[in-house]
There are 2 protein chains.
Amino acid sequence: MGSGRGRAAATGMLAETTGWLLADVARELIRRMEKALRAEGLRWREYGVLVVLEAAGPLSQQELGRRLAIDRSTMVHVIDVLEDRGLVARGRDRVDRRAYSIELTDLGRTLLADALRPVADAVQEHVIAGLTGEDRAHLNRILAQLVECIDWA
Amino acid sequence: MGSGRGRAAATGMLAETTGWLLADVARELIRRMEKALRAEGLRWREYGVLVVLEAAGPLSQQELGRRLAIDRSTMVHVIDVLEDRGLVARGRDRVDRRAYSIELTDLGRTLLADALRPVADAVQEHVIAGLTGEDRAHLNRILAQLVECIDWA
DNA sequence: TATTGTTATACTCTATAACTATA
DNA sequence: TATAGTTATAGAGTATAACAATA
């Protein structure tokens, strides 16, 4: 990849800078998401559960945890909150009766569509407002490639 | 920005996806940094302080906190750790005697160059290994633009 | 024997408020 | 009056280990 010493040094600095920038932007994005979602009485993670459920259909708590990097013991409390608010329901998995089958309720689906997504989209749009459509596509493609290529071991 | 209903919906999905990807990649990057730096007995944040000091020269604890999004009461403990290990020194600011002037020691500078940077660079390189040089430059430029344009109010 | 959900618990992280010394 | 650093402390978040039910 590099073609000489100067190049390698530049690549090293570039790589490091990229990491800092990435962490900065992600931190600020999540901070704003948390702030915006607070008006709906939800956290970023709880919103994440709803989004994953809508995209993937009913899942066990364990599987939700795997997809969102949340420990299963923590996931219990997250689902408790969402269940108490009537946004998800704990159904039983019929083939494996140890596991729950967490599913979106109608209320959850409605809240997601009418309030949560618009709020989250607005935050996102505000953060990337300065990017051209082309840069947005680039960024999205590159990040998707990173997520794809990383071995999450 | 969008030019029609379908376009707007696509843009919304794109923006949202970008946010999730960003958070995922940043979380995984920091997780690996923490793991790698543990061998040196340091945390990601403490490494951050050293990097900022090397780049900017001596700073007050408050200013370090501003640049790294760390509260001043938390920064006290971070600097304590680094000072105990002899990596930074608390000098007094001569014009404002309330403030410290935190500066890298020779040991800190050496550790940074010989151990910390190589370790961090290796992690970074591993995460972005799948990207072409062109994509790396793109990603870096776009992220830099985001950091620049965001109003951190 | 392994796995899902659960609970209790301990640990870390962080921020808040109050204090001191300087400005 | 405001600010830099400090301290104590309270709160939130998280993970660990054990237990029950099921595989």
Side-chain angles (χ1 to χ4, degrees), chain A residues 23-24 26-28 30-35 37-38 41-49 52-53 56-84 88-103 152, chain B residues 23-24 26-28 30-35 37-38 41-49 52-53 56-84 88-103 152:
Chain A
D24 278 355
R27 189 203 313 121
E28 181 65 12
I30 292 173
R31 195 184 67 80
R32 290 178 185 221
M33 285 290 182
E34 291 277 9
K35 186 178 173 187
L37 289 171
R38 207 170 298 149
L42 285 181
R43 309 292 309 268
W44 162 253
R45 296 211 150 162
E46 294 155 1
Y47 172 64
V49 168
V52 168
L53 286 177
L59 295 173
S60 71
Q61 295 184 183
Q62 189 104 309
E63 181 55 28
L64 277 168
R66 267 191 287 269
R67 300 197 187 201
L68 292 162
I70 300 175
D71 189 84
R72 60 184 180 155
S73 66
T74 303
M75 183 59 73
V76 174
H77 308 302
V78 175
I79 299 300
D80 281 347
V81 169
L82 294 173
E83 192 183 32
D84 286 348
V88 306
R90 280 182 161 105
R92 274 292 172 189
D93 185 320
R94 295 194 179 175
V95 301
D96 184 346
R97 289 188 308 178
R98 292 172 304 181
Y100 283 130
S101 173
I102 309 296
E103 48 195 37
W152 300 81
Chain B
D24 278 356
R27 189 205 312 121
E28 181 65 12
I30 291 173
R31 195 184 67 79
R32 291 178 184 220
M33 284 291 182
E34 290 278 7
K35 186 178 173 188
L37 289 170
R38 205 170 300 149
L42 285 181
R43 308 292 309 268
W44 162 254
R45 295 211 149 163
E46 294 155 1
Y47 172 65
V49 168
V52 168
L53 286 177
L59 295 172
S60 71
Q61 295 184 183
Q62 189 107 306
E63 180 56 28
L64 277 168
R66 265 192 288 271
R67 301 196 186 201
L68 292 162
I70 300 175
D71 188 86
R72 61 184 180 153
S73 66
T74 303
M75 183 59 73
V76 173
H77 307 302
V78 175
I79 300 300
D80 281 348
V81 169
L82 294 173
E83 192 184 31
D84 286 348
V88 306
R90 280 180 161 106
R92 274 294 172 187
D93 185 321
R94 296 195 178 176
V95 300
D96 184 346
R97 289 188 307 178
R98 293 172 302 180
Y100 284 129
S101 174
I102 310 295
E103 47 194 39
W152 299 81

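We name chains A, B, ... by the order of the sequence lines, and we start the count at 1 in each one. Given the structure is predicted, the values throughout are model-derived calculations rather than measurements.
- The distance between atom CD of A:Gln61 and atom C1' of C:dT3, rounded to the nearest whole Å, is 13 Å.
- Comparing A:His77 and A:Val95 by the nucleotide of DNA chain D whose heavy atom lies nearest to each, the residue mapping closer to the 5' end is A:His77.
- Between B:Thr74 and the phosphate of C:dT14, there is no side-chain N or O to OP1/OP2 separation shorter than 4.0 Å.
- Note on B:Val78: nothing from the nucleic acid sits closer than 4.0 angstrom, heavy atoms only.
- In this structure, A:Glu63 places its CD atom 13 Å from C1' of C:dT4, rounding to the nearest Å.
- Atom CG of A:Asp96 and atom C1' of C:dT4 are 7 Å apart (whole Å).
- Residue B:Arg97 places none of its side-chain N or O atoms closer than 4.0 Å to OP1 or OP2 of D:dT3.
- As rounded to whole Å, 18 Å separates atom P of D:dA12 from atom CD1 of A:Ile70.
- At a cut-off of 3.5 angstrom, the base of C:dG5 holds no donor-acceptor pair with the side chain of A:Arg98.
- Of the possible polar contacts, one joining the A:Glu46 side chain to the A:Arg43 backbone as a donor-acceptor pair under 3.5 Å is found.
- One can place CE of B:Met75 at 10 Å from P of D:dG5, the figure rounded to the nearest angstrom.
- Between B:Arg31 and B:Glu34 no salt bridge is recorded (no basic side-chain N to carboxylate O distance below 4.0 Å).
- The residue A:Arg92 sits apart from the nucleic acid: no heavy atom pair falls under 4.0 Å.
- Per the geometry, CZ belonging to B:Arg31 stands 15 Å off P belonging to D:dT14, to the nearest Å.
- A:Asp71 comes within 4.0 angstrom of a nucleotide base, judged by non-hydrogen atoms across all strands.
- For the pair A:Glu83 CD and C:dG5 P, the computed distance is 13 Å after rounding to whole Å.
- Here the straight-line distance linking atom CZ of A:Arg38 with atom NZ of A:Lys35 works out to 8.0 Å at 0.5 Å rounding.
- One N or O donor and one acceptor, one from the side chain of B:Ser73 and one from the base of C:dT16, sit under 3.5 Å apart.
- Whole-Å rounding puts the A:Leu68 CG to D:dG13 P distance at 16 Å.
- At a threshold of 4.0 angstrom between heavy atoms, the contacts of B:Arg72 include nucleobase atoms, whether or not backbone atoms are also involved.
- With contacts defined as side-chain heavy-atom distances shorter than 4.5 Å, the pair A:Leu64/A:Ile79 qualifies.
- Annotation: the span from B:Arg72 atom CZ to B:Ser60 atom OG amounts to 11.0 Å, rounded to 0.5 Å.
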